[in-house]
There are 4 protein chains.
Amino acid sequence: MGNQVQESKALDGGATFADDELVRSGRDADVTRRALVRAARRRFATEGYRATTVRHIAADAGVNVALISRYFGSKEGLFEACMNRTVDELDPQTRARASSVDEVIARLLTHVVEAPNADDPLQLLLLLRSSGDENADAIRRRTLERFTEQLAAAAGWNADVPASQPLLLRAQMAIALMLGLVMLRTATEVQPLASASADQLTEPLERVLRVLLDTTEK
Amino acid sequence: MGNQVQESKALDGGATFADDELVRSGRDADVTRRALVRAARRRFATEGYRATTVRHIAADAGVNVALISRYFGSKEGLFEACMNRTVDELDPQTRARASSVDEVIARLLTHVVEAPNADDPLQLLLLLRSSGDENADAIRRRTLERFTEQLAAAAGWNADVPASQPLLLRAQMAIALMLGLVMLRTATEVQPLASASADQLTEPLERVLRVLLDTTEK
Amino acid sequence: MGNQVQESKALDGGATFADDELVRSGRDADVTRRALVRAARRRFATEGYRATTVRHIAADAGVNVALISRYFGSKEGLFEACMNRTVDELDPQTRARASSVDEVIARLLTHVVEAPNADDPLQLLLLLRSSGDENADAIRRRTLERFTEQLAAAAGWNADVPASQPLLLRAQMAIALMLGLVMLRTATEVQPLASASADQLTEPLERVLRVLLDTTEK
Amino acid sequence: MGNQVQESKALDGGATFADDELVRSGRDADVTRRALVRAARRRFATEGYRATTVRHIAADAGVNVALISRYFGSKEGLFEACMNRTVDELDPQTRARASSVDEVIARLLTHVVEAPNADDPLQLLLLLRSSGDENADAIRRRTLERFTEQLAAAAGWNADVPASQPLLLRAQMAIALMLGLVMLRTATEVQPLASASADQLTEPLERVLRVLLDTTEK
DNA sequence: AATGAATGAGGTTTCATTCAT
DNA sequence: GATGAATGAAACCTCATTCAT
């Protein structure tokens, strides 16, 4: 009829996240689910849980809104799914056994240095976002703790060795630094951090991380 | 008075922030305004802008909701007022000229180490929260940048000396670290960071900050 | 469905406008939209823009309030839609070219004489109601002016003939008379006008309109 | 403190009606009352009852808002007072004994022709505005009816003479015409009526009114 | 008598979710 | 499996009114 408010136009305030390679076209439940999680993670990470609407997510994924409830039960369910997916992707990275401190530091740096558009930093940001949902928040906290432990382990931490306990705290400080950096670079976009190049970042960060994690350092 | 208590009881899902020393009792606009800003800052900082409702804030301050619109125009107006207040409180601290690196580091540590209930860390957290309001966001970014510059200046940065530019970036990394730590300790409450004592935190943090800011160090 | 009836019962202070032939039953957006516009037009025309609440309109249409925002963006959007619809319905009537003065007068009389319940007079009343919205008000004014021109044209007015200009003013006086009458009959319900029969009205009004519009009259 | 929303600035959307000769300065209850009624009548007449806020009225009158409740009980009470005042001012005009048709017509014309800023047309406009309040609406209707009767009486109407009854209806039509004209000129501001000069209006209107009211006219 | 602070009711709008198709 | 229509709860805000000073 013409005078119905155009949804797609009315929705996005600014840039749209619609991603062509992501928008699924067929009728494949699994593809749809993945498209939703991916779109959701971006929005949740960059704009926060409350500011993200399910309609935005659905629009980004090129999918009907009702499917969110259908597949994930609720907005919180979708958030939890995002959380779990992040866990799945972070875990293997860190679990990689026998990783040396050097390797671990290199991997951490990647997260921060990567262009803000990449998906990697978004996963970290997500770990700072709360939905208020007990369940999802528990997952979130547990993920951060496990992440901490794996980082600490690479640095020589051993749960059974009392003397190595401080390493746990130091590893978490390293994580805090990473999270703070990604936040300022991606969400807040504060200068000069936001537009600093990989080169500019790498050197000082590497030193700092080594101070925190490298126990062999004189 | 009467049913304000009712209201606060009906509202909060979880802990109430009502603070007796804060609840204003008289009929003094200025006191009321301050009570609102203070209550708002807590909620905004810990729960984020969107998740915070004006009713919660009003209930925390022991005041009728309509007063928020009356005194600050809107929820966004109140947020901006919080922002400005934080600026007013942070500025003098950092502006204190002639501050040595040692002093600056000590001051930074205070923000992180203070109990999560204290107001100091909340001010920092607030700097990570966005309301989506253009105005407030600009203030926020500018505050972070000014904060950066003052920190860098204490470390020897000088806008006119090209060679000192990297210091700016390093100062911002220090801020990122602080923000990340406060976030994890206060909002996320992740272990062992959340319950770490001042002693446990001080030593490693001091070393890291010195690496970033102390240019005289070997 | 369920508690819509409840709602309409709880809401109206006074007469309800619910109109059985109008209440839509299915799940057809277009029908719903029309039902809303129709219900809105009645309320707006008889009670004015501000005094009309969206809840009343929705209840009259047998529809959930949120659909007004959904379909028309806002209360003002709905008002504008009413305006446009009135334009659509008035235009063809008056545009019918080659209409003689007699025909035009007869048509005008119809609007006034029709029972207050009919929809025709309501359309005229709507032209007197302002929402304060710039857009809608512009439409309103333009409609009245176009209405004037078409009436004047039937009486011999020609934009290019200076000597015929006074006809424009006279045509507008005729419109003013009609609007005043409908207002007093429908909204104010003042006696004896409100309960005057068609017969009683026709004769004097016809004379008056002829004095204003019939230039051939001796 | 500075950041309280400036009331005076926030209030008026467009032109302010503040009228220096009207703003009372002392502490004289009666003067205050009159100032309020005068300010209220303007607002009510031009913007309608609902769209007018008591704060606007108080600001226009240069008076504290609470005084409206104090002196008139409520917004509706103030409206009723406006109504009564209009009655007081219209009555003597029309009651003027032995007024000939010519005199009556001249007086009617004055109301319409007067500049939109004058108070006279506003009184008429007020008669078209409803507050929804039973009491005030009854007054309004009664005023219009009495107005009608006095107009009709001047034209020869006599309540006891059945043959003169149609005159009542004709008189009311004359009033409807006046009201419609004032509405279009003042509130809607439709062209060319709004900017028509007294000269342009007088001739045709006089003819029309004579047709309606002058029974001696052949 | 008058003021400014404070209140509570009600209005519009947004949004996650459920219902039919 | 997927869509668009419809719902109800809750959020922010406005405004007439009442309370202390």
Side-chain angles (χ1 to χ4, degrees), chain A residues 4 7 10 26-29 32 50 52-58 63-71 73-78, chain B residues 1-4 7 11 24 26-33 50 52-56 58 62-71 73-78, chain C residues 1-4 7 11 24 26-33 50 52-58 62-78, chain D residues 4 7 10 26-29 32 50 52-58 63-71 73-78:
Chain A
Q4 168 162 6
E7 253 185 48
R27 285 199 162 210
D28 184 330
T32 300
R50 289 303 249 271
T52 299
T53 74
V54 290
R55 292 197 125 86
H56 274 140
I57 298 172
V63 150
N64 187 281
V65 206
L67 293 184
I68 290 179
S69 298
R70 183 168 182 73
Y71 287 144
S74 67
K75 187 188 181 185
E76 276 181 351
L78 174 54
Chain B
M1 281 234 172
N3 58 357
Q4 285 161 212
E7 207 170 301
L11 270 177
R24 120 255 92 99
R27 194 165 254 259
D28 182 332
D30 232 52
V31 174
T32 300
R33 255 193 294 265
R50 291 301 250 273
T52 299
T53 75
V54 291
R55 292 198 122 82
H56 275 139
V63 150
N64 185 283
V65 207
L67 292 183
I68 290 178
S69 299
R70 177 164 176 69
Y71 289 138
S74 66
K75 186 187 181 185
E76 274 182 354
L78 175 54
Chain C
M1 280 237 171
N3 57 358
Q4 286 163 212
E7 207 171 300
L11 269 178
R24 120 255 92 98
R27 196 164 252 259
D28 182 333
D30 232 53
V31 173
T32 299
R33 254 194 294 265
R50 292 302 249 275
T52 299
T53 76
V54 290
R55 293 196 123 84
H56 275 138
I57 297 172
V63 150
N64 186 284
V65 207
L67 292 184
I68 289 177
S69 299
R70 178 164 175 70
Y71 289 139
F72 303 96
S74 66
K75 186 188 180 186
E76 274 183 353
L78 175 53
Chain D
Q4 165 166 8
E7 253 186 48
R27 285 199 162 208
D28 183 331
T32 300
R50 291 302 251 271
T52 299
T53 75
V54 291
R55 291 196 127 86
H56 273 140
I57 297 172
V63 151
N64 187 282
V65 206
L67 293 184
I68 289 178
S69 299
R70 183 168 182 72
Y71 288 143
S74 67
K75 186 189 182 185
E76 276 181 351
L78 174 54

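Chain A is the first sequence line, chain B the second, and so forth, proteins listed ahead of strands; every chain is numbered from 1. All values below were derived from every heavy atom in this structure, side-chain atoms included, with hydrogens, water molecules and symmetry-related copies excluded.
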Polar atom pairs (N or O), protein with nucleotides 17-19 of chain F, under 3.5 Å:
residue	atom	partner	partner atom	Å
dT17(F)	OP2	K75(D)	N	2.8
dC19(F)	O2	R27(B)	NH1	2.8

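Between dA2(F), dA5(F), dT7(F), one nucleotide has an atom nearer to the side chain of T32(A) than all others, and that is dA2(F).
The closest side-chain heavy-atom distance from K75(B) to L78(B) is not below 4.5 Å.
Shown here for V54(D) and I68(D), the closest heavy-atom pair between the two residues is O-CD1, 3.6 Å.
Nucleotide dT7(E) holds its C1' atom 8 Å from the CG atom of L67(B), rounded to whole Å. Spacing between atom CZ of R33(C) and atom C1' of dA5(F) amounts to 11 Å, rounded to whole angstrom units. Rounded to an integer number of Å, the gap from NE2 of H56(B) to C1' of dA10(F) is 12 Å.
In this structure, dG11(E) and dC12(F) make a Watson-Crick or G-U wobble pair, each of the two defining distances being under 3.5 angstrom. Pairing of dG4(F), defined by two Watson-Crick or G-U wobble distances under 3.5 Å, is identified with dC19(E). Under the Watson-Crick or G-U wobble criterion, with both distances below 3.5 Å, dA1(E) is left unpaired in every strand shown.
Of the side-chain N and O atoms in Y71(B), one or more sit less than 4.0 angstrom from OP1 or OP2 of dA6(E).
Interatomic distance, OG1 of T53(C) versus CZ of R50(D), reported as 9.0 Å (0.5 Å rounding). Going from atom OG1 of T32(C) over to atom OH of Y71(C) covers 5.0 Å, rounded to the nearest 0.5 Å.
Annotation: of the two residues near DNA chain F, T52(B) and R50(C), the 5′-most nearest-nucleotide partner is T52(B).
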